[in-house]
Q: 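Starting off with a structure, shown below.
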Amino acid sequence: MKPSRPIWISVMMLVLSILYLLPETIFNAQLVATAGGKGSTEDDLRMVEYFGRTVSGIGATLLIADLILKGRAAVSALRLVITFGLIAIFVWPTVFFGQKWVVDRYLVEDTTPQERQYAYLTQILRSALISNAVVIEDIPYDPDEAHSASEQTFLALFGGIVYADKGLLASLENKQEDIITKFVRKSANDGFDEYYGRYVELRTDIRKQFQDYRHRVKDYDQALATRDKRSGALWKKVNAEVDSGWRSYQQASDKTVEVAQQRAEKLAPQVYDYFKRLNQCSSQSCRDRLKKGYDSKIKRLGMGNIEPEYWLIKEEISTGQNILNSVLMGALTGGASVLMQGVDKASGGDGGFKDAKYSYTNNVAHYHVRVLQKMAPGFEKKTGLPLGISSKTDYRMHKGTGSRVRSAMKKEGIHLPSGWTLSQRSEFNRAVYRTVEKEARAKWDREMAAKGISLSPDLGWNSFQRSEDIQRMIREEMGERFYVKPMLADWNNKTFYKKVVVPNIKRKTDEILRNLRESEANFADGGRLEEVGKSAIRAAVIPPISMSLSLFLVLLTIMKLPLKCYDLYRAKHDDGKVPGAKGRALRVVGAILPIALVIAVPLTLVESKYTERNSAVNHLLSNIEDQMNPAAAGALTWLMHTQPLVQPAGEWIEGIIGMSDFFEVRSEHFAQLDQSVLYGGGDAKEVTGEADEWNGQVPLLVKSTPKTARIQVMNIKPVYRDGMLLPVGSYRLRVSARGYATVNKTILLTPENKTFHIELKPVVGKLK
């Protein structure tokens, strides 16, 4: 009889089975250490869960492969590889995701609100036992001693044991408040050194910040003290500007007078000749010809269009002079001229009475003045000042000079009011003071903004530490749980205990009692404590189930290895021939005996102090046997005896290989797999309602711009993932992306504040 497959395949499966023992044993030890450890978080349990699901998938794949890789599937290496690959592709994901789906669907989701509330209380009792806040008679557990494999096994199973024994907590109903109060107080007292140590570090940091603040205040005050010095320096600059402007004005004025003189010298004879010839004209054509020649000469001088009458000398004629002239003319004409004047007046004329008389001259001085009058508007438009300012004093006081100084000071950052003149020195000083104060405050605000705070530069120590920004920093560092308002940075340990720890003990106790006394409906689906209850169910039932399966597989695999080796020996020496009935009997015995030994040997040959006849744990197991079924009690008893034998081996192997680190680093990727497969590519179901009341855990979500940015939580070990559960408190985020400035930010995570938006700014230029 030939073997059903080549010997080398059997050897390969034997080797793979041995290799499989390594991660399975490590997982078993890690599960017990985590579930039975003090201070383990839900993230720790989740990392172990990924480890166990991965190893279970591998074990199931090897088991199915060992059954299938026979006959035609093992005729060639190629067919073997293809078959093995197909088995792995189908079996591993089914086991990896199926385990979680089955547990959530049948062990967690289907639980009643009463069961969830009960599980919540079991976890409180378990935490109280670990912290020695409650002592259960005849349980040989000493929290002050290092946890051995036996203690870790007991603690990992204790939640499940209490959950299974419904009568235990009922008997403790009247003592719930006392147990919870002691538990919270003991936890707070045990953690006091840590809390106060954190406060001392924060207190030191706040004092350093105040020293830095005072240093910056000193710089701010010194900047303000430069007001008079800067005002004096700028006033000197103003005077220099005025002196320079006066010289420029004089030069421009002298140049204008000189040009006017030159033009007057040319105009005087030409205009005089024009009027002289005009008086000799007897026709309009003569006058037009002279006017055309006049316009041409004026244009060549650059004077523009000026009517000839502009150059005439106007002489006012008084009323008396008009009367005297009329009388003289009347006397000379025999009264005829008087009669004509009357007729002219009656017809709307002036009656011979003139307001002024006009004359022309060839005096250059007269034309000089008139030319300057024509050039004055252009001069003022160009210089901003009128022509004819005769003294430096008048120049300083003129509003045009004040306007020029205002423009110059505006470039210096000094804003003077409209209409300001150099006579208003006090207003100038006030403007300089305002600018110095504005610049000093702007620098102060920039420095404060860079530190993420907004403080005025006039605070003493008491006001500084009570300010909103400093209180916010204290709250972020201490966490909502250990913050009171106001928290001052000069308390000693007694004051800290009185003001922080004592109120926290009362608040925490009230919260737990409120959750236990509230209606069971709050633990129902959609209730405020739904996720709290489900987390309690997972913590109570999953560790015993996972531990028993893992431990059983480890021992069964070990027990079957000698049989596999014997089968290989038989296959090699007698071609697989086995005597008929005897051979079949041996095979049956070989299949049953390892299982029997795995179950029986630890129960009969191994002792456990937790299952001794008179111990409290043995009493609890007896209650479980009576209330539920003997199988559950027997499985828990078997775990108590067997697990301590295997865990040291798993810890030893882990110390050599360090396999759990692999899953810790990649837990984010496993979480993404769960989200993609079990939640349709969306986010896992978010915790609704309150945080996990015994460890204050809430889901953290960080949204970044750009979306490809890397998000890290620097003060925890697990890799960040959307919706990861963390205890309430402060966390240091680091968000980075190529081409963007990295953002480091401390956040405060609470049930009301769990989503954070971080926007990165592009980096401009090259970093040196």
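It should be emphasised that the depicted structure is a prediction, and the values quoted were computed from it without experimental measurement.
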Q: Could you tell me which non-hydrogen atom of Ala264 sits nearest to which non-hydrogen atom of Val364, and how far apart they are?
A: CB-O, 3.8 Å

Q: Side-chain contact, heavy-atom cut-off 4.5 Å: Val484 with Met487?
A: yes

Q: Please say whether more than 12 non-hydrogen atoms of neighbouring residues, nucleotides or ligands are located less than 6.0 Å from CD in Glu468.
A: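 No, the 6.0 Å shell around CD holds no more than 12 heavy atoms from other groups.
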
Q: Do Phe275 and Val271 come within less than 4.5 Å of each other through their side chains, counting heavy atoms only?
A: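 Of all side-chain heavy-atom pairs linking Val271 with Phe275, at least one is under 4.5 Å.
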
Q: Determine whether Arg203 and Val200 make a side-chain contact, defined as any pair of heavy atoms from C-beta on separated by less than 4.5 Å.
A: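 Of all side-chain heavy-atom pairs linking Val200 with Arg203, at least one is under 4.5 Å.
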
Q: Thinking salt bridges, do Asp295 and Lys291 make one under a 4.0 Å N-O criterion?
A: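 Yes.
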
Q: Give a yes-or-no answer on whether the side chains of Gln270 and Tyr294 include a donor-acceptor pair shorter than 3.5 Å.
A: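 Judged by distance alone, the side chains do not pair up.
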
Q: With rounding to the nearest 0.5 angstrom, report the NE2 to CG distance, His368 to Leu267.
A: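 Separation between the atoms: 11.5 Å.
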
Q: Can you give me the closest heavy-atom contact between Leu455 and Ser467, atom names plus distance?
A: CD2-OG, 3.3 Å

Q: Starting at CD1 of Ile474, measure out to CG of Leu488 and round the result to the nearest 0.5 Å.
A: 7.5 Å

Q: Is there a donor-acceptor contact under 3.5 Å from the side chain of Ser296 to the main chain of Gly293?
A: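 Between the backbone of Gly293 and the side chain of Ser296 there is no qualifying donor-acceptor contact (under 3.5 Å).
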
Q: Verify the distance criterion only: is there a donor paired with an acceptor across the side chains of Ser283 and Arg287 at less than 3.5 Å?
A: no

Q: Do Thr755 and Val702 have side chains that get closer than 4.5 Å, going by heavy atoms?
A: no

Q: In Å, rounded to the nearest 0.5 Å, how long is the span from NE2 of His366 to OG of Ser359?
A: 8.0 Å

Q: Would you find a donor on one side and an acceptor on the other, under 3.5 Å apart, between the side chain of Tyr360 and the backbone of Leu312?
A: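 Side chain of Tyr360 to backbone of Leu312: no pair is present.
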
Q: Partners of Phe756 by ring pair (Phe, Tyr, Trp, His ring centres under 6.0 Å), sequence neighbours excluded?
A: none

Q: Between Tyr310 and Arg370, is there a donor-acceptor pair closer than 3.5 Å when you use the side chain of the first and the backbone of the second?
A: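 Yes, because the side chain of Tyr310 sits within donor-acceptor range (under 3.5 Å) of the backbone of Arg370.
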
Q: Taking NZ in Lys276 as the centre, count heavy atoms belonging to other residues, nucleotides or ligands within less than 6.0 Å. Is the count above 12?
A: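 No - once you tally the heavy atoms of other residues, nucleotides and ligands closer than 6.0 Å, there are 12 at most.
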
Q: Are the side chain of Thr742 and the backbone of Ser736 linked by a donor-acceptor contact shorter than 3.5 Å?
A: no

Q: Inspect the contact between Glu439 and Arg230 and indicate whether a charged nitrogen and a carboxylate oxygen are less than 4.0 angstrom apart.
A: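 Yes.
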
Q: Regarding Asp394 and Ser391, do their side chains bring together a donor and an acceptor under 3.5 Å, going by distance alone?
A: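 Yes.
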
Q: Should we say atom CZ of Arg277 is surrounded by more than 12 heavy atoms from elsewhere, each under 6.0 Å from it?
A: no

Q: Any idea which heavy atoms bring Leu372 and Ala260 closest together, and the distance?
A: CD2-CB, 3.3 Å

Q: Does this structure show an ion pair linking Asp243 with Lys392, if we count only N-O contacts that are shorter than 4.0 Å?
A: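 Yes.
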
Q: Could you verify whether a donor N or O on one side chain and an acceptor N or O on the other, from Gln250 and Asp254, lie under 3.5 Å apart?
A: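 The answer is no; no qualifying pair exists.
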
Q: Between Leu760 and Ala741, what is the shortest heavy-atom contact and its length?
A: CD2-O, 3.6 Å

Q: Are the side chain of Glu759 and the backbone N or O of Ser704 linked by a donor-acceptor pair below 3.5 Å?
A: no

Q: Find out whether Leu385 and Glu380 are in side-chain contact, i.e. whether some heavy atom of one side chain is under 4.5 Å from a heavy atom of the other.
A: no

Q: Should the pair Asp445-Arg441 be classified as a salt bridge under the 4.0 Å nitrogen-to-oxygen rule?
A: yes

Q: Would a distance-only check, ignoring hydrogens and angles, find a side-chain to backbone donor-acceptor pair under 3.5 Å from Ser244 to Ala240?
A: no

Q: Walk me through it: do Tyr395 and Val242 pass the test side-chain contact (heavy atoms from CB on, under 4.5 Å)?
A: CA-CA 8 Å; Tyr395 173 82; Val242 171; 3.9 Å; yes

Q: With the side chain counted from C-beta on, respond yes when Lys266 and Gln262 share a heavy-atom pair under 4.5 Å apart, and no when they do not.
A: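 Not touching, per the 4.5 Å side-chain cut-off.
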
Q: Working note: Thr495 + Asn492, criterion side chain to side chain donor-acceptor pair (under 3.5 Å); need CA distance, chi angles, decisive distance, verdict.
A: CA-CA 5 Å; Thr495 304; Asn492 56 26; 2.9 Å; yes

Q: Trp311 and ring-ring contact (aromatic ring centres under 6.0 Å, His included): which partner among Tyr358, Tyr367, Tyr274?
A: Tyr367

Q: Would you check if the side chain of Thr435 reaches a backbone N or O of Ala431 as a donor-acceptor pair within less than 3.5 Å?
A: yes

Q: Does one side chain, of Asn429 or Ser426, offer a donor that lies under 3.5 Å from an acceptor on the other?
A: no

Q: Does Gln209 form a side-chain contact (heavy atoms from CB on, under 4.5 Å) with Tyr213? I'd like the steps, not just the answer.
A: CA-CA 6 Å; Gln209 291 195 43; Tyr213 168 83; over 6 Å; no

Q: Are Ser456 and Asp458 linked by a side-chain donor-acceptor pair shorter than 3.5 Å?
A: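 Note: Ser456 and Asp458 side chains meet the donor-acceptor criterion.
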
Q: Between Glu437 and Arg434, does any side-chain N to carboxylate O distance fall below 4.0 Å?
A: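 No, Glu437 and Arg434 are not salt-bridged.
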
Q: Ignoring hydrogens and angles, tell me if any N or O in the side chain of Tyr249 forms a donor-acceptor pair with the backbone of Ile389 under 3.5 Å.
A: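 It does hold such a pair.
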
Q: Is Gln712 close to Arg732 at the side-chain level, that is, under 4.5 Å between some pair of heavy atoms?
A: no

Q: Could you tell me whether the side chains of Tyr720 and Asp722 share a donor-acceptor contact shorter than 3.5 Å?
A: yes

Q: Determine the sole option in Tyr199, Trp491, Tyr195 for which the ring-ring contact (aromatic ring centres under 6.0 Å, His included) test with Phe496 is passed.
A: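 With Phe496 as partner, Tyr199, Trp491, Tyr195 yield a single ring-ring contact (aromatic ring centres under 6.0 Å, His included), made by Tyr199.
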
Q: Name the atoms and distances for all side-chain donor-acceptor pairs under 3.5 Å in residues 459-466, with sequence neighbours left out.
A:
unit_1	atom_1	unit_2	atom_2	d
Trp461	NE1	Asp490	OD2	3.4
Asn462	OD1	Arg466	NE	3.2
Gln465	OE1	Ala489	N	2.6
Gln465	NE2	Asp490	OD2	3.3

Q: Just how far is it from atom CZ of Arg734 to atom CD1 of Ile711, taken to the nearest 0.5 Å?
A: 13.5 Å

Q: Rounded to the nearest 0.5 Å, what's the gap from OG1 on Thr401 to CZ on Arg406? Could you check?
A: 11.0 Å

Q: Flag the pair Lys703 / Ile758 as yes when at least one side-chain heavy-atom distance between them is below 4.5 Å, and no otherwise.
A: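 SC-SC contact between Lys703 and Ile758 ruled out.
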
Q: Show the nearest heavy-atom pair for residues Met397 and Thr421, with the distance to one decimal.
A: O-CG2, 4.3 Å

Q: When rounded to the nearest 0.5 angstrom, what distance separates CD in Gln280 from CG in Leu290?
A: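 Between Gln280 CD and Leu290 CG, I get 9.5 Å after rounding to 0.5 Å.
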
Q: Is there a side-chain contact (heavy atoms from CB on, under 4.5 Å) between Thr393 and Arg396? Walk through the geometry before answering.
A: CA-CA 5 Å; Thr393 300; Arg396 285 180 62 88; 5.8 Å; no

Q: Provide the closest heavy-atom pair for Trp235 versus Leu422 in the form atom of the first, atom of the second, distance.
A: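 Where Trp235 meets Leu422 most closely, the heavy atoms are CH2-O, 3.6 Å.
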
Q: Treating Asn362 as the side-chain partner and Pro269 as the backbone partner, does any N or O pair qualify as donor plus acceptor under 3.5 Å?
A: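 No, because the side chain of Asn362 does not come within donor-acceptor range (under 3.5 Å) of the backbone of Pro269.
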
Q: Using the ring of Trp444 (Phe, Tyr or Trp, six-membered ring only), decide whether Arg216 places NZ or CZ under 6.0 Å from its centre and within 45 degrees of its axis.
A: no

Q: Any chance you could lay out the side-chain contact (heavy atoms from CB on, under 4.5 Å) test for Val371 and Met375, step after step, and finish with the verdict?
A: CA-CA 6 Å; Val371 171; Met375 296 180 69; 3.8 Å; yes

